[in-house]
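Here the structure comes first, spelled out in structure tokens, and everything after it is commentary.
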Amino acid sequence: MEHAIQTPVGDPAWRPAMSRAVAQLKAAFAEHDSGLYAKVLDDAPRLAHDLDDLVGHHRSVWTALDEFEDRLRDPGAGEDLRWEADRLIQEVWQYRQKGADLLYEAYETDIGGET
């Protein structure tokens, strides 16, 4: 999406390129392994609330991607699509950072107690 967003919205190639980018991003999102979440929960149950937040954020991003995909089909939508795409990219980056922070907290943070 970051590459596709650089093309001018008025360019006839913009929507097809953005549609392909959204499809690729959704495919990557669909590949998320819920088994990883279960392992984190087994290994670090103290992070259950954070994990629930991350799963909720995942659903939120997925819904936003679906809605954006629908808006791409609207021939009346214009420059505002670029801003929406930019917001979506930021949302995905925030989600990725939350996931990285959660994994760091689960496996790299020493909470003590071991002898």
Do any side-chain atoms of residues 47-56 form donor-acceptor pairs under 3.5 angstrom with protein atoms, and if so which ones, sequence neighbours left out?
unit_1 : atom_1 : unit_2 : atom_2 : d
H49    : NE2    : D53    : OD2    : 3.4

For a quick test of reading the model, state the closest non-hydrogen atom pair linking [X] to [Y] and the distance between them.
X   : Y   : answer
V9  : R82 : N-NH2, 3.0 Å
D86 : I5  : N-CD1, 3.5 Å
A30 : W62 : N-CZ3, 3.9 Å

inquiry  = Measuring only between side-chain heavy atoms, which start at C-beta, is L81 closer than 4.5 Å to E84?
reply    = yes

Those residues that, when tested against [X], pass salt bridge (Lys or Arg N to Asp or Glu O under 4.0 Å) (two or more places apart):
X   : result
E2  : none
D43 : K39
R73 : D70
D66 : K26

Qualifying salt bridge (Lys or Arg N to Asp or Glu O under 4.0 Å) pairs, either residue in residues 3-23, two or more places apart = none

Spacing of [atom1] belonging to [X] relative to [atom2] belonging to [Y], to within rounding of 0.5 Å:
X    : Y    : atom1 : atom2 : result
M1   : L25  : CE    : CG    : 6.5 Å
Y107 : L102 : OH    : CG    : 8.5 Å
L103 : Y37  : CG    : OH    : 8.5 Å

task = Please say whether the positively charged group of R96, taken as NZ for Lys or CZ for Arg, lies over the ring of W93, i.e. under 6.0 angstrom from the six-membered ring centre and within 45 degrees of the axis.
result = yes

request  = Kindly indicate, with the supporting measurements, whether the criterion side-chain contact (heavy atoms from CB on, under 4.5 Å) is fulfilled by E91 and H57.
outcome  = CA-CA 9 Å; E91 192 69 27; H57 196 178; 2.5 Å; yes

request  = Assess whether atom CZ of R71 is packed by more than 12 heavy atoms of other residues, nucleotides or ligands within 6.0 Å.
outcome  = yes

message = Under a 3.5 Å distance rule, please check whether W14 uses its side chain to pair with a backbone N or O of P8 as donor and acceptor.
response = no

